[in-house]
> 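Can you keep this structure in mind? I'll have questions shortly.
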Amino acid sequence: MSDPPADDAGLEEALARIAEREPEVRAWRALHPPEELRARWAEMPAGPLHRVTLGVKDIIDTADLTTERGSPIYAGHRPRADAACVALARAGGALVVGKTVSTEFAYTHPGPTRNPHDPAHTPGGSSSGSAAAVAAGMARVAFGTQTAGSVIRPGSFCGVPAFKATFGLVPLTGVHPLAPSFDTLGWYGRDLDDVAAVLEALAPAAEGAPALPTMPRIGLYRGEDWPAAEPATADALAAAAGALRAAGAEVVEVAPAPPLAGLGEAH
């Protein structure tokens, strides 16, 4: 078999990785057939995500695949329309490969996904399948959602760039709610350029925001729960602060805010 054309390499690489890794990692809840993906690939529109393979967390609606929200209650549920983020990503040139595993209703009951670096370990939740799919090379980017730590935690566990959008920055229409006053969309990318490309497709107005200063000022906050942090966590935070200072950033200690006392328990 000859090598695929350069323009097709992204899809073929994703399909090969799915065939190789999915039986062990189990990141996907549903996948489009390869021949269907190849046919769509040739028709992807130009845009910031042109011919980028995309995984979609299973609490986010897709018109061409079921959205089961990680629960048997919604087995076979087929939305009538794409969620806004999916529609924007498709318009920006992305190809939806399939639906990634979510914990049930994006809460605590886990799904079958395993950490692609060590199947004996958790990939984190609730956006477990999305982070694992990107980490295993089965998709170039993937959508997740976050109500507490459901984007950044799996990104950390699986070792991929993770971005949680500012609350209200991108639309949540078609995303199953957990706590609307906290819910946000997020995503994973192969690298930071991919993460930025998704933001450009979903919130182009954000591209016009003022640039960060050359030497940013970054707050280091340790809240009331900090004493419960494991030593490795404390060491990692100290190392990150040291690396930022070495790169020229100003890192300042931020005093605990009394109004936030008890926030974790309330959540």
Side-chain angles (χ1 to χ4, degrees), residues 25-32 49 53-92 94-114 122-134 138-139 141-158 160 162-189 195 198-199 201-203 266-267:
V25 177
R26 302 176 71 183
W28 300 93
R29 209 275 310 147
L31 286 160
H32 284 298
L49 296 176
T53 51
L54 170 67
V56 178
K57 185 177 178 178
D58 195 32
I59 69 162
I60 301 173
D61 286 351
T62 44
D64 54 356
L65 287 168
T66 55
T67 301
E68 298 188 343
R69 300 166 183 170
S71 174
I73 295 173
Y74 282 94
H77 171 65
R78 182 75 170 265
R80 294 182 179 181
D82 285 338
C85 60
V86 174
L88 289 166
R90 291 193 208 264
L95 177 69
V96 174
V97 175
K99 303 301 286 289
T100 58
V101 171
S102 170
T103 63
E104 188 172 25
F105 300 123
Y107 199 51
T108 57
H109 187 69
T113 306
R114 300 169 179 173
T122 176
S126 62
S127 304
S128 49
S130 289
V134 173
M138 295 189 280
V141 299
F143 284 138
T145 61
Q146 177 159 315
T147 304
S150 291
V151 168
I152 59 175
R153 177 173 50 247
S156 174
F157 285 15
C158 294
V160 291
F163 179 81
K164 185 205 80 71
T166 298
F167 184 82
L169 178 65
V170 294
L172 288 178
T173 305
V175 178
H176 185 75
L178 177 56
S181 58
F182 284 92
D183 295 344
T184 48
L185 190 74
W187 51 89
Y188 306 96
V195 170
V198 177
L199 180 61
L202 267 58
H267 184 275

> Is there a side-chain contact between Leu49 and Leu54, using heavy atoms and a 4.5 Å cut-off?
no

> Hey, are the side chains of Cys158 and Pro123 touching, using non-hydrogen atoms and a 4.5 Å cut-off?
yes

> Do other residues, nucleotides or ligands put more than 12 heavy atoms under 6.0 Å from the OH atom of Tyr107?
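No.
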
> Do any N or O atoms from the side chain of Ser126 and from the backbone of Ser150 form a donor-acceptor pair under 3.5 angstrom?
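Judged by distance alone, no pair lies under 3.5 Å.
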
> Are Phe105 and Ile59 close enough that some pair of their side-chain heavy atoms sits under 4.5 Å apart?
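They are not in side-chain contact.
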
> Of the non-hydrogen atoms in Thr100 and Ala133, which two are nearest, and what is the gap between them?
CG2-CB, 4.4 Å

> If you measure from CD1 on Ile60 to CG on Asp82, what distance do you get to the nearest 0.5 Å?
11.0 Å

> Would you check, one step at a time, whether the test side-chain contact (heavy atoms from CB on, under 4.5 Å) holds for Val25 with Met138?
CA-CA 10 Å; Val25 177; Met138 295 189 280; 4.1 Å; yes

> Within a strict 4.5 Å, meaning less than it, do heavy atoms of the Val86 and Val96 side chains meet?
yes

> Between OG1 of Thr67 and CG of Asp61, what distance do you get to the nearest 0.5 Å?
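Separation between the atoms: 4.5 Å.
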
> Specify the closest pair of heavy atoms between Val151 and Gln146, including all atoms of both residues, with the distance to one decimal.
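Heavy atoms of Val151 and Gln146 come nearest at N-OE1, 2.9 Å.
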
> Please check if any side-chain donor atom of Thr147 sits under 3.5 Å from a side-chain acceptor atom of Asp183, or the reverse.
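Thr147 vs Asp183: donor-acceptor pair found between side chains.
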
> What's the shortest heavy-atom distance between Ala27 and Ala132, and which atoms?
CB-CB, 4.2 Å

> Regarding Ser71 and Glu104, do their side chains bring together a donor and an acceptor under 3.5 Å, going by distance alone?
yes

> Regarding Asp64 and Arg90, does a basic nitrogen lie under 4.0 Å from an acidic carboxylate oxygen?
yes

> Please walk me through it: do Trp187 and Leu199 pass side-chain contact (heavy atoms from CB on, under 4.5 Å)?
CA-CA 9 Å; Trp187 51 89; Leu199 180 61; 3.8 Å; yes

> Contact between Lys99 and Trp28 at the side-chain level, heavy atoms closer than 4.5 Å - yes or no?
no

> Between Ser127 and Lys57, is any side-chain donor less than 3.5 angstrom from a side-chain acceptor?
yes

> If I take atom CZ from residue Arg114 and atom OG1 from residue Thr122, how far apart are they, to the nearest 0.5 angstrom?
12.0 Å

> Tell me, do Cys85 and Val170 make a side-chain contact under 4.5 Å, heavy atoms counted?
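Side-chain contact under 4.5 Å: no.
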
> Is Arg69 positioned over the aromatic face of Tyr74, cation under 6.0 angstrom from the ring centre and no more than 45 degrees off axis?
yes

> What closest approach, in Å, do Thr184 and Thr166 show between heavy atoms, and which atom pair accounts for it?
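Between these two residues, the closest heavy atoms are CG2-C, 4.4 Å.
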
> Check whether any side-chain heavy atom of Val97 lies under 4.5 Å from a side-chain heavy atom of Leu31, and answer yes or no.
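The answer is yes, as the side chains (C-beta and beyond) meet within the 4.5 Å cut-off.
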
> Quick check: does any side chain N or O of Thr103 sit under 3.5 Å from a backbone N or O of Gly111, one acting as donor and the other as acceptor?
no

> Do you know the tightest heavy-atom contact between Leu169 and Ala203?
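In this case the closest contact between Leu169 and Ala203 is O-CB, 4.1 Å.
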
> Locate the shortest heavy-atom distance separating Val141 from Val134; write the atom from each residue and the value.
C-CG2, 3.8 Å

> May I ask you to test the His32-Leu65 pair for a side-chain heavy-atom distance under 4.5 Å?
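The answer is yes, as the side chains (C-beta and beyond) meet within the 4.5 Å cut-off.
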
> Atom OH in Tyr188, atom CZ in Phe163: separation rounded to 0.5 Å?
13.0 Å

> Per the salt bridge (charged side-chain N to carboxylate O under 4.0 Å, His left out) rule, what does the pair list look like for residues 144-157, sequence neighbours excluded?
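Of all non-adjacent pairs touching residues 144-157, none passes salt bridge (charged side-chain N to carboxylate O under 4.0 Å, His left out).
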
> Spell out, as yes or no, whether a donor-acceptor pair under 3.5 Å connects the side chain of Arg29 to the backbone of Thr66.
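Looks like yes, one N/O pair under 3.5 Å.
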
> Without hydrogens or angle criteria, can the side chains of Arg78 and Thr62 be said to hold a donor-acceptor pair below 3.5 Å?
no

